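Down below is the structure, laid out as structure tokens.
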Amino acid sequence: MNNLKNLRGTVDLFPDQLIKWQNVEKILLEQLFRASIKEIRTPILEMTELFIRGIGEGTDVVSKEMYTFLDRGERSCTLRPEGTASVARALIQNGISSNPLQKLWYMGPMFRYERPQAGRQRQFHQLGVEFIGHDSVRSDVEIIALAWDILGKLGIKELNLEINTLGDNNDRSNFQKSFLKWLETNKDSLDLDSQNRIYKNPLRILDSKNIQTKKVLENAPRLFNFLSEKSHNRYLDLKRQLEVLKIPYVENFNLVRGLDYYTHTAFEITSGALGSQATVCGGGRYDDLIKQMGGPNTPAIGFAIGLERLILLAGKELEIPRNTDIYIINQGLIAESLAMDLSRKLRNYDLLVELDLSGASFSKQFKKANKLKSKSIIVIGEDEAVNGEFIIRLFDQSGNENKEEAISFENDIKLENWINNNLLIN
RNA sequence: GCGGGCGUCGCCAAGUGGUUAAGGCAGCGGCUUGUGGCGCCGCUAUUCGGGGGUUCGAAUCCCCUCGCUCGCCCCA
């Protein structure tokens, strides 16, 4: 008995499923290309320290969800749980000042040790976009619009955009002082999880889903009231610009992202179709991160889209594979090499060509071609090998006689004409 | 990390203590020894996620374990 299995929370993807992945990725890449956003690739494995400093020690991601181990050189390594910290590190390390304004994207696997469920795996994939060095409200708007449009391009309906502002460092520490006092006096009315967060990560308490806690929080001080005039105006401007673009949003004053580095704008795009893992896209501004990590003072904003959740939401039309254009039926020693040679020649065209390698009877090979819904077939057997010409035939599912032609192995012009007239029309 | 549901062939499943574990799809072989669809015929689980136990007897009952799934938590 084979007891080798994939690790929990990881999956194997097979061709049938990957059609949808490939189609989705193709649309994503096209949108990013058109918006002139450039790709960056950073290592999947990084020093553990990077995430502790970048994401924040108090976060759940860092404190209990990382895949961390010692390598053979006794260095503590971690499989990346998200992409932003690595991008920031790479930019700082390679000299950010020579290119202070950048629009970047990345895509790839991320790892978090969590209990798997629908839309949540231990190895999952994210597309992330980061605008580095941009501090204008317009960059916030472009980031949000980009995320919104990408999801729209994939035909995903019924999405909700939630926005909030977290203010700058100053606003937040003013708020936290007052909030902490309030938490201490109201500690007993909070749920246990929230009580545990009071000193570790008080902001997250705002995002609690506990009904009782939610109710009590209604009387808590609001971050919004601690915003400086500048921060406040920034937020109003963001809303105004979103309205101009007719991007519908809902304000959620309790929206706090789970990673420590966010400032000002925070947003999430959710879908009811995903069950409890409703967030398909999350992002926000992180003006202090790069400086905190030892780089120059560089504002930035970004988002990440969860690809597994995106695949769940994307339409069925993206699951349809392209059918074979030409299926080459062949048998016999000479015929088989002629067939192989012809298949190579056919790769010069935008055609999906499959060479039958089974050596099975012609009947079997025909059945296979039929099963694959091949648009046409080429037959090469001993007769064809002797005569120096092959038969190419249009081939529809009904099994009726179809237009066919004998073409010499040397007559490339005739072959090309036949392809142009019969296969490349639409 | 905590709670609920589930686990029979590659996929979908019937079977809830009693001789050989239905059926469908897919796959393979044949009818057609070199020509498709459709159709017809045949083959494909010594075994019920894994391990232990109860019993004359277990896929069916009990325990443990693994996995999936839903919710909590967290997040994308």
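Chain A is the first sequence line, chain B the second, and so forth, proteins listed ahead of strands; every chain is numbered from 1. Here the structure is a predicted model, which is why all the values come from computation and not from measurement.
Contacts between residues 113-122 of chain A and RNA chain B, defined by a heavy-atom separation below 4.0 Å, involve Glu114(A), Arg115(A), Gln117(A), Ala118(A), Gly119(A), Arg120(A), Gln121(A), listed by number. Using a 4.0 Å cut-off on heavy atoms, the residues of residues 301-330 of chain A that approach RNA chain B are Ala304(A), Gly306(A), Arg309(A), listed by number. The stretch residues 60-70 of chain A touches RNA chain B through Asp60(A), Glu65(A), each having a heavy atom within less than 4.0 Å of the strand.
Considering only residues two or more places apart in sequence or on other chains, Phe390(A) meets the ring-ring contact (aromatic ring centres under 6.0 Å, His included) condition with Phe409(A). Residues meeting the ring-ring contact (aromatic ring centres under 6.0 Å, His included) test with Tyr67(A), sequence neighbours left out: Tyr113(A). When the ring-ring contact (aromatic ring centres under 6.0 Å, His included) test is applied to Tyr249(A), no partner is found at least two apart in sequence or on another chain. Listed by chain and number, the residues in a side-chain contact (heavy atoms from CB on, under 4.5 Å) with Ser361(A) are Ser363(A), Lys364(A) (sequence neighbours excluded). Every residue two or more places apart in sequence or in another chain was checked for a ring-ring contact (aromatic ring centres under 6.0 Å, His included) with Phe111(A), and none qualifies.
Pairs of residues two or more places apart, or lying in two chains, that qualify as side chain to side chain donor-acceptor pair (under 3.5 Å) and include a residue from residues 136-146 of chain A are Lys103(A)-Glu142(A), Ser139(A)-Arg285(A), Asp140(A)-Arg234(A), Asp140(A)-Thr265(A), Asp140(A)-Arg285(A). Every pair passing side chain to side chain donor-acceptor pair (under 3.5 Å) that includes a residue from residues 39-50 of chain A is listed here, sequence neighbours excluded: Glu39(A)-Arg41(A), Glu46(A)-Ser86(A), Glu46(A)-Arg89(A), Thr48(A)-Ser76(A), Thr48(A)-Thr78(A). The side chain to side chain donor-acceptor pair (under 3.5 Å) analysis of residues 18-29 of chain A, with sequence neighbours excluded, yields the pairs Lys20(A)-Glu319(A).
Here the separation of G23(B) from G5(B), taken at their C1' atoms, is 26 Å to the nearest Å.
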Show me the protein contacts with nucleotides 39-44 of chain B, counting only N or O atoms at under 3.5 Å.
none

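Nucleic acid contact class of Arg393(A) (heavy atoms, under 4.0 Å, all strands): base.
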